[in-house]
Amino acid sequence: MRRFSGDGRLPNFPSSLKSGPRPVYSMANAPERYNPREQEPFWQKVWADNKTFETRNDDPRPPYYVLEMFPYPSGRIHVGHVRNYTLGDVIARFQRAKGKNVLHPMGWDAFGMPAENAAMANKVHPRQWTYDNIAAMRSQLKAIGLSLDWSREFATCDEDYYHRQQMLFIDMMEAGLVTRKVSKVNWDPVDQTVLANEQVIDGRGWRSGALVEQRELTQWFFKITDFAEDLLTAIDGLDEWPDKVRIMQRNWIGRSEGLRVLFEMTDNDAGLETVEIFTTRPDTLFGASFVALSPDHPIAAAIARSDAALAEFIAECHRMGTSAETIETAEKQGYRTALTVKHPVIEGATLPVYVANFVLMDYGTGAIFGCPAHDQRDLDFARKYDLPVIPVVLPPDADPEAFSVGAEAYSGPGVAYNSDFLDGLDIDAAKNAIARHLEARMIGGTPQATRQVNYRLRDWGISRQRYWGCPIPVIHCDTCGIVPVPADLLPVRLPEDVEFDTPGNPLDRHPSFKHTTCPTCGSPARRETDTMDTFVDSSWYFARFTAPRAETPTIPAMADKWLPVDQYIGGVEHAILHLLYSRFFARAMHRTGHMHVTEPFKGMFTQGMVTHETYKDREGRWLAPSEVVLGFAEGQRSATTPGGEPVAIGSVEKMSKSKRNVIDPDDMIATYGADTVRWFVLSDSPPERDVQWTEAGIEGAWRFVQRAHKLVSDARDILALDPVTIAGNPTIGSDLLKAAHKATRQIEADLVGLRFNRAVAQIYEFANAIHKAMPAIAEAPSLDSLAALREAVERFIQFVAPMMPHLAETCWALLGHEHLVCNAPWPEVDPAYLAEDSVVLAVQVNGKRRGEIEMPKDAANDQVEAAALSLDAVARILDGNPPRKVIVVPNRIVNVVA
RNA sequence: GCGGGCGUGGUGGAAUGGUAGACACACAAGACUUAAAAUCUUGAGGCUGUAUAGCCGUGCGGGUUCGAGUCCCGCCGCCCGCACCA
């Protein structure tokens, strides 16, 4: 155990704590109130001066790595951050008490668009803006008293960090994990710039208001799909992740077994012979009524060259954002081409070929067949264009004569009918039968169908046409092609002298950055001006923390020592992308020799979001809650500005800087202290649940801080009394110890299970128990009862310590301890104190509670039954009749069935 | 549109299929005080009732079970994600 000053004595204590023992419960000598403004900075300085939370890699204790998702430096922290970091801090402090060598670092996810937006709006350089924000947020975080190892801090925009990220990129290139391909971006034709999905509002650019177009660019990709199968199957092993996150990841990867099927053209005027579709429901092929191509399908492009109306339809589809949400929520539209195809299994039948806006080019083959009876999208489309709806799957117990599809497609189980040789087969058997049938048929030398495992997961496009990100370390040479920047020329630094007066990528128009020479042949060449998606930055920072100053991206031995992260904590909004990208990166870093583990996060906890109402003024500008005055008018909640201007109350959403619905914790911390705020965010809601922020209740948390302090100082005064007997009242002390050990067990279980709100409730109950016991102990202090009181109060302080660390240190010192409570080992549970000799069982009649009986623990069932039946209430209902049945659940409940 | 989650008193919430509302907030009454704050004590899901007690009650509608907040089916509402917000 580390002492916090050279001679092991307390450093100079804030003066209010120095008064000695006083007579108990005397108003004249009421203990002074706990003053967090004095105590919190004091203990923060003690921790910092003693490097209490700096983690040594050579510490012999077992390692434990707890990490909260690092913040984007938006400028100020909000209560969502406080919740996130407090949760992690409780775990870190608890694991330290359990004897672990805890790594609990902090950094900054510091690249990204807001810095460039600020540069445009306020003429401040993104670097300046970012580092200023970091400084402000760092001091806010420090005021919370988190047990962080600040010596490992870094920001992803530090040259030191993105240098190593460029090294990783080049290693990944060499390992074949990087590729280039064409993909679509949102293009603002007025600002001549690429827009993020977030910047497209109702199909228009947020700044220019111009209608957004889809435009194709050649971009850099990480080949995450190479790991699709492994990323999927390894989810099974992530047994300390929430089920919902595992389900979401599985669905995102979206493995499906399906069939690619060739449809022959009825004539090949255009030189086209077949179109290949992908389907996961080949069993419904007999119900096909059309074929639809993506607007980006090569065949669509080919016919559009001679079909002006189709070209216009495709252009219309491209006047839409690129996000899946936009595409899928748009009204389903199609264009009927002149093409028709032969029905693959119905001789002589043909199907029309449409181009449809809901068919995605990058899923399957970019073409589908539509079976309206059994797919809702196809049904909507068929109703709109008056296409046949032929049911071919009969639901169980349905009458084949009467069954029909109205407004809803039937996608449930059943057997094939109206389907020739498939009739009577269930869905899986029908899929196999049709696959075998088509695989055996040849069209122009190839089988008509091939089975294919398809993934919804796409490769990860990392190119961003922006300044404030990690430069992609590559040079384009006309003779040598794409040349990675050699290691000795890294890092590729972001130039400082950039202008944000015009939209677009400043790197692309920078006088010297773009133009360079080829490192291989020395001829003039162009430097890549795309920077990396900021998700790249956050996909390996957890590994960098294990050796934050290393010359190489990681020191593999250190990464292997600490990883996987034992407990990772963050918002459920990151449940898919960030976690999946990090899992990919772990595999990529494994393959490139930077570490041996392949899963980054052993335990995952998704905290609920902190949400708040949003507000907009007349002009539609977002307003912060602090700029809004709430009231009641005509029986409804209303809002105005302080000047009386009307304000629209919007929906409740997660706190975000862009919507300005954030609550800054500084005022609360200034008023009540960090411990009160920490206690408050932990106490009421289960941490995984979303909470709508309200300050109602913070007063209660504040009162508990004072009550806890008073409890300890009162106890200290009692403990200073001379015992008048040895044993005294025999039950006071033992009851207190029973409560203490029971509380220890419960609180430990709740902390391990991250049920902090329940731990808080347990602490309240235990505090109440001590409070009740104290007057009697003070009245007749005995050796036993005083010892019990000391143990109870010390445990109480230790229970509180992970949650309210400053208060706990003060209280601990108050009892005369010379070492920090944050280094004290977690108390043991003695099972002897947990034994109960009698239990209360509820007695039900027909499932309705009618009374209760107290019985010895583990009493025989027939004794319990007899006791239950002898209850007046039970006898009255039975009215002399024997019970039909009696169910006894040992030590819990008796149910009499009358 | 698709995927995921959530819904319990005035409020936050508790409850391995086994006594619904622990613990707290807010509220009310009382004690202390010239008074207030703070503190302490007590009360409380709703309805009926002096009380014993009875009935109702976990978003809505069904179902399984001796027993359902919990499991199943169908709805409603809200929140998150949908690949260039982080």
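This structure is a prediction, so every number in the text was calculated from the model and none was measured. Just so it is clear: chains get the letters A, B, ... in the order the sequence lines come, proteins before strands, and each one is counted from 1.
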**Request:** Output the single nucleotide from B:C84, B:C66, B:G18 whose closest atom is nearest the side chain of A:V897.
**Result:** B:C66
**Item:** Side-chain donor-acceptor pair present, A:D684, A:N757, cut-off under 3.5 Å
**Value:** no
**Message:** Is it the case that the base of B:C80 and the side chain of A:E573 share a donor-acceptor contact (distance under 3.5 Å, atom types as modelled)?
**Reply:** no
**Prompt:** With a 4.0 Å cut-off on heavy atoms, is A:R377 in touch with a base, just the backbone sugar-phosphate, or nothing at all?
**Reply:** nothing
**Request:** Could you check whether the rings of A:F584 and A:W460 sit parallel, tilted or perpendicular, using 30° and 60° as the cut-offs?
**Result:** perpendicular
**Fill in**
Winner on side-chain proximity to A:N251, out of B:C84, B:A83, B:G3, is B:G3
**Message:** Does A:R850 reach a base, just sugar-phosphate, or nothing at all? Heavy atoms under 4.0 Å.
**Reply:** sugar-phosphate
**Prompt:** Is there a donor in the side chain of A:N357 and an acceptor in the side chain of A:Q333, or the other way round, less than 3.5 Å apart?
**Reply:** no
**Message:** Using the C1' atom as the point on both nucleotides, what is the distance between B:A20 and B:C56, in whole Å?
**Reply:** 13 Å
**Asked** Once you round to the nearest 0.5 Å, how far does CE of A:M804 lie from CZ of A:F799?
**Response** 13.5 Å
**Request:** Please work out whether the ring planes of A:Y541 and A:Y568 are parallel, tilted or perpendicular, with thresholds of 30° and 60°.
**Result:** tilted
**Ion pair check, A:K181 and A:D459, cut-off under 4.0 Å** = yes
**Prompt:** Between B:C84, B:G4, B:C82, which one does the side chain of A:V185 approach most closely?
**Reply:** B:C84
**Asked** Which of the following nucleotides, B:C23, B:A20, B:C82, is nearest to the side chain of A:A761?
**Response** B:C23
**Asked** If you check every side-chain atom of A:N197, which of B:C84, B:U19, B:C23 has the closest atom?
**Response** B:C84
**Message:** Mind checking if A:V886 touches a base, just sugar-phosphate, or nothing, with heavy atoms under 4.0 Å?
**Reply:** nothing
**Message:** Is there a side-chain contact between A:N757 and the phosphate of B:G12, meaning an N or O under 4.0 Å from OP1 or OP2?
**Reply:** no
**Message:** Dot-bracket for RNA chain B, please. Rules: Watson-Crick or G-U, both distances under 3.5 Å, ( ) within the strand, [ ] when a pair crosses earlier ones, | for another strand, . otherwise.
**Reply:** (((((((..(((.....[....))).(((((.......))))).((((....))))..(((((..]....))))))))))))....
**Message:** Would you say A:T611 places a side-chain N or O within less than 4.0 Å of OP1 or OP2 belonging to B:C79?
**Reply:** no
**Item:** Closest to the A:K244 side chain, choosing from B:A22, B:G5, B:C82
**Value:** B:G5
**Among B:C66, B:G13, B:A26, the one nearest A:P686 by side-chain distance** = B:G13
**Asked** Using 30° and 60° as the class limits, which term best fits the ring planes of A:H374 and A:Y410: parallel, tilted or perpendicular?
**Response** perpendicular
**Prompt:** When the P atoms of B:G43 and B:C6 are considered, how many whole Å apart are they?
**Reply:** 36 Å
**Message:** Considering every strand and a 4.0 Å limit on heavy-atom distances, what is the contact class for A:Q844: base, sugar-phosphate, or nothing?
**Reply:** base
**Asked** At under 4.0 Å between heavy atoms, what does A:H574 touch on the DNA or RNA strands: base, sugar-phosphate, or nothing?
**Response** base
**Request:** Check every strand shown and say whether A:F535 touches a base, only sugar-phosphate, or nothing at a heavy-atom separation below 4.0 Å.
**Result:** base
**Prompt:** Choosing from B:C82, B:C84, B:C23, which nucleotide comes nearest the side chain of A:A196?
**Reply:** B:C84
**Message:** Using a 4.0 Å heavy-atom cut-off, does A:Q199 contact any base of the nucleic acid, only the sugar-phosphate backbone, or nothing at all?
**Reply:** nothing
**Prompt:** Can a side chain N or O of A:R250 be found less than 4.0 Å away from OP1 or OP2 on B:G4?
**Reply:** no
**Asked** Between A:N186 and A:T322, is any side-chain donor less than 3.5 angstrom from a side-chain acceptor?
**Response** yes
**Fill in**
Note: for A:V245 and A:N186 on RNA chain B, the residue whose nearest nucleotide lies more 5' is A:V245
**Request:** Using the ring of A:F381 (Phe, Tyr or Trp, six-membered ring only), decide whether A:K332 places NZ or CZ under 6.0 Å from its centre and within 45 degrees of its axis.
**Result:** no
**Prompt:** When we call it a touch if two heavy atoms are under 4.0 Å apart, what does A:S683 touch: a base, just sugar-phosphate, or nothing?
**Reply:** nothing
**Message:** Between the base of B:C2 and the side chain of A:Q376, is there a donor and acceptor pair under 3.5 angstrom?
**Reply:** no
**Asked** Out of curiosity, A:S294 OG to A:D362 CG, how far, rounded to the nearest 0.5 Å?
**Response** 8.0 Å
**Prompt:** Any idea which of B:U19, B:A86, B:G54 is nearest the A:P114 side chain?
**Reply:** B:A86
**Request:** Determine the contact category for A:Q219: base if any of its heavy atoms lies under 4.0 Å from a base atom, sugar-phosphate if only primed atoms, P, OP1 or OP2 are that close, otherwise nothing.
**Result:** base
**Message:** Nearest heavy atom decides the nucleotide; on that basis, is A:S463 or A:M248 closer to the 5' end of RNA chain B?
**Reply:** A:M248
**Request:** Mind checking A:L457 for me? I need base, sugar-phosphate or nothing, with any heavy atom below 4.0 Å counting as a touch.
**Result:** base
**Request:** Look at all strands and tell whether A:G461 reaches a base, only sugar-phosphate, or nothing, counting heavy atoms closer than 4.0 Å.
**Result:** sugar-phosphate
**Asked** For A:K848, which contact category applies under a 4.0 Å heavy-atom criterion: base, sugar-phosphate, or nothing?
**Response** sugar-phosphate
**Message:** Quick check on B:G13: is either OP1 or OP2 less than 4.0 Å from any side-chain nitrogen or oxygen of A:R689?
**Reply:** yes
**Prompt:** Is A:D684 side chain donor-acceptor paired with the B:G12 base, going by distance under 3.5 Å alone?
**Reply:** yes
**Message:** Counting only side-chain nitrogens and oxygens, does A:S685 get under 4.0 Å of the OP1 or OP2 atom of B:G13?
**Reply:** yes
**Request:** Remember a base hit wins even if backbone is also touched, and classify A:W460 as base, sugar-phosphate or nothing at under 4.0 Å, heavy atoms.
**Result:** nothing
**Request:** With the side chain of A:K885 defined as its heavy atoms from C-beta on, choose the nearest nucleotide among B:C82, B:C66, B:U41.
**Result:** B:C66
**Complete:** Classified by glycosidic angle (syn within 90° of 0, else anti), B:G43 comes out anti
**Request:** For A:I763 and B:A14, give me the distance from atom CD1 to atom P, rounded to whole Å.
**Result:** 16 Å
**Asked** So what does A:I887 touch, heavy atoms closer than 4.0 Å: a base, only the sugar-phosphate, or nothing?
**Response** base
